[in-house]
Amino acid sequence: MMSQAPFVRPPRIALWLVDLFTPSEQAESIPGDLLEEFSELASKSGDAFARRWYWRQSVKTVAHLIATGFLVVPWLIAGTVVGGLLLCWVSYWFTQKAVVAVLYRYQVYAHIDAYVFWLIYAVLIQRLIEPFIIGCIIAVAAKGREMVVTMTLGLIIGAWSGAGLAHLRHYWSASNFPLAPLLLTTFVSPVMFALGGGIVREIRSATSRRPMPG
Amino acid sequence: MLVALIEEGADEGGTTMNGGDVMRRPPTSVDVGGRDNVNASSRTIPRLTVRYFLYIVCLMSNRNYIGEFEHIVVLALLRLSDRAYGVTVRQEIEFRIRREVSIGAIYATLDRLETKGYVKSQLGDPTPERGGRSKRFFRVTAKGVAAVNRSHRAIKTMAEGLDLVRSYS
């Protein structure tokens with residue numbers, strides 16, 4: 001009786017990255033081609049070599065898929081990113097006003113420190129939740145290019161916030177304003193856009209994915 | 001208006017469009033860096049007017065030109081005939097030109113060629129070694145063959161009489 005060669009799985013993270021960035025019309029062909037060549041290489045040259053090859057190919061492929069997204073559907077990407085920026089602007093403005101209005105209306109904190117604490121942290125928490133929701137919304141609109149769109153929006157917002165912080169650095173250093181949470185949200189909120197996009201993409205892929213063998 | 005613009009641009013730059021095909025005429029007033037021109041003062045620098053720039057943009061958006069990598073991919077498809085899909089195309093290119101190419105680059109090029117109408121694709125049956133995913137087979141259309149021929153002829157014509165290794169290396 002012949003023993004069957006064990007099924008070798010490609011690196012999980014690399015596989016997930018390729019799945020995440022592959023447009024829906026190529027969801028079968030690109031990951032399938034990579035898996036086929038990986039299995040061939042693993043049986044010929046060993047697991048370690050095949051894994052290294054898979055990582056190299058995945059990184060190059062993801063870079064190409066991002067660049068191709070801008071060339072193939074530039075208007076979809078530009079439109080959704082601009083829409084996302086408008087949505088950010090409207091929602092940040094609206095929720096900040098709402099937080100301030102609620103805190104003024106119900107002055108339940110007798111001590112000024114507690115009031116300032118909630119004023120600052122409510123806005124900061126909102127700056128983490130809102131990018132996630134906006135990321136989900138624009139990912140729904142940009143079908144097949146969820147990650148490209150959300151990452152672009154995240155980078156723009158991140159660069160914008162970073163430039164704003166750098167511009168106001170003298171003011172922040174002179175005041176007692178807690179800078180650490182502000183810095184944290186500045187750099188975490190762009191990631192939240194991509195997280196929202198990634199979740200939408202995963203849900204979409206799960207509904208159309210065929211079961212893997214083994 | 002666009003047609004008029006293209007015609008005017010063609011008059012200025014020595015390039016004309018004929019039924020979607022791009023044909024190159026020997027430049028008349030514009031001649032820069034030609035190796036035959038020994039006298040530097042006889043060289044004239046082209047003036048990039050807005051009209052000429054728009055003409056170039058129109059010409060490029062026509063997308064009838066075929067790039068180097070596109071050329072290589074179409075030739076690989078022609079060699080592989082009915083066995084042409086991502087893996088075989090990548091391996092064929094790697095084997096022949098000894099250059100590691102990513103599968104993403106292959107698909108980006110194939111998609112571009114499909115948009116131009118130079119190749120057509122169809123999905124095959126899913127196979128277990130591909131995790132239940134289908135192969136996407138590609139074949140070159142008549143328009144694609146014509147484009148490769150045109151590009152091939154143009155390069156051959158331009159290279160004719162040149163000793164590239166000795167004179168330009």
Side-chain angles (χ1 to χ4, degrees), chain A residues 4-5 7-10 12 14-15 17-19 21-44 52-74 144-145 148 205 208-214, chain B residues 57 60-63 65-70 72-73 76-77 80 83-95 99-139:
Chain A
Q4 207 178 10
F7 179 77
V8 187
R9 278 191 177 277
R12 270 177 192 276
L15 184 72
L17 272 177
V18 171
D19 273 336
F21 284 90
T22 308
S24 43
E25 62 271 18
Q26 289 167 343
E28 293 267 310
S29 44
I30 292 182
D33 283 354
L34 281 173
L35 197 61
E36 187 185 328
E37 259 197 287
F38 170 80
S39 315
E40 214 178 290
L41 274 177
S43 61
K44 260 196 235 165
R52 271 202 308 276
W53 175 88
Y54 197 95
W55 263 112
R56 210 166 51 239
Q57 280 288 324
S58 301
V59 169
K60 283 182 183 177
T61 299
V62 166
H64 264 288
L65 291 173
I66 293 172
T68 311
F70 287 102
L71 294 173
V72 175
V73 281
R145 309 279 173 185
V148 177
S205 304
S208 59
R209 196 176 290 156
R210 290 170 205 257
M212 287 266 285
Chain B
V57 172
M60 287 181 78
S61 67
N62 196 28
R63 290 184 173 197
Y65 60 91
I66 189 162
E68 186 208 6
F69 195 62
E70 289 175 338
I72 292 169
V73 169
L77 293 183
L80 292 160
R83 293 181 297 116
Y85 69 101
V87 174
T88 52
V89 173
R90 207 191 73 77
Q91 287 175 346
E92 182 74 15
I93 292 171
E94 215 167 86
F95 172 72
R99 183 167 118 188
E100 191 179 327
V101 205
S102 78
I103 205 85
I106 299 280
Y107 273 97
T109 310
L110 285 168
D111 273 355
R112 215 163 42 238
L113 288 168
E114 198 165 17
T115 313
K116 290 178 187 175
Y118 294 164
V119 301
K120 273 192 172 174
S121 72
Q122 62 176 69
L123 281 180
D125 292 326
T127 54
E129 71 270 17
R130 296 169 58 85
R133 294 175 172 102
S134 319
K135 288 175 185 172
R136 193 167 153 207
F137 288 99
F138 292 88
R139 67 179 177 80

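Order of the sequence lines fixes the chain letters, A, B, ..., with proteins taken first and strands second; residue numbering starts at 1 for each chain.
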What's the verdict on side-chain contact (heavy atoms from CB on, under 4.5 Å) for D33(A) and Y107(B), showing C-alpha distance, side-chain angles and the deciding distance?
-> CA-CA 11 Å; D33(A) 283 354; Y107(B) 273 97; 2.5 Å; yes
Go through the steps for R133(B) and S29(A) under the test side-chain contact (heavy atoms from CB on, under 4.5 Å), then give the verdict.
-> CA-CA 7 Å; R133(B) 294 175 172 102; S29(A) 44; over 6 Å; no
E28(A) and S134(B): CA distance, side-chain angles, deciding distance, side chain to side chain donor-acceptor pair (under 3.5 Å) verdict | CA-CA 6 Å; E28(A) 293 267 310; S134(B) 319; 2.8 Å; yes
Which is it for Q26(A) and D111(B) under the side-chain contact (heavy atoms from CB on, under 4.5 Å) test, yes or no, and what are the steps along the way?
-> CA-CA 10 Å; Q26(A) 289 167 343; D111(B) 273 355; 2.3 Å; yes
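Heavy atoms of Q91(B) lying under 4.5 Å from chain A belong exclusively to its side chain. Neither the backbone nor the side chain of L65(A) comes within contact range of chain B; no heavy atom of the residue lies under 4.5 Å from a heavy atom of that chain. For A67(A), no part lies near chain B; criterion is any non-hydrogen pair under 4.5 Å.
We find the CD1-OG1 distance between I103(B) and T22(A) to be 11.0 Å, quoted to the nearest 0.5 Å.
Ranked by heavy-atom pairs shorter than 4.5 Å toward chain B, the options E25(A), E37(A), R56(A) are led by E37(A).
A salt bridge links E36(A) to R130(B): one of the charged nitrogens lies within less than 4.0 Å of a carboxylate oxygen.
The two residues T61(A) and S102(B) make their nearest non-hydrogen contact at OG1-CB, 4.1 Å.
A donor and an acceptor atom, one from each side chain of E129(B) and S39(A), are nowhere located under 3.5 Å apart.
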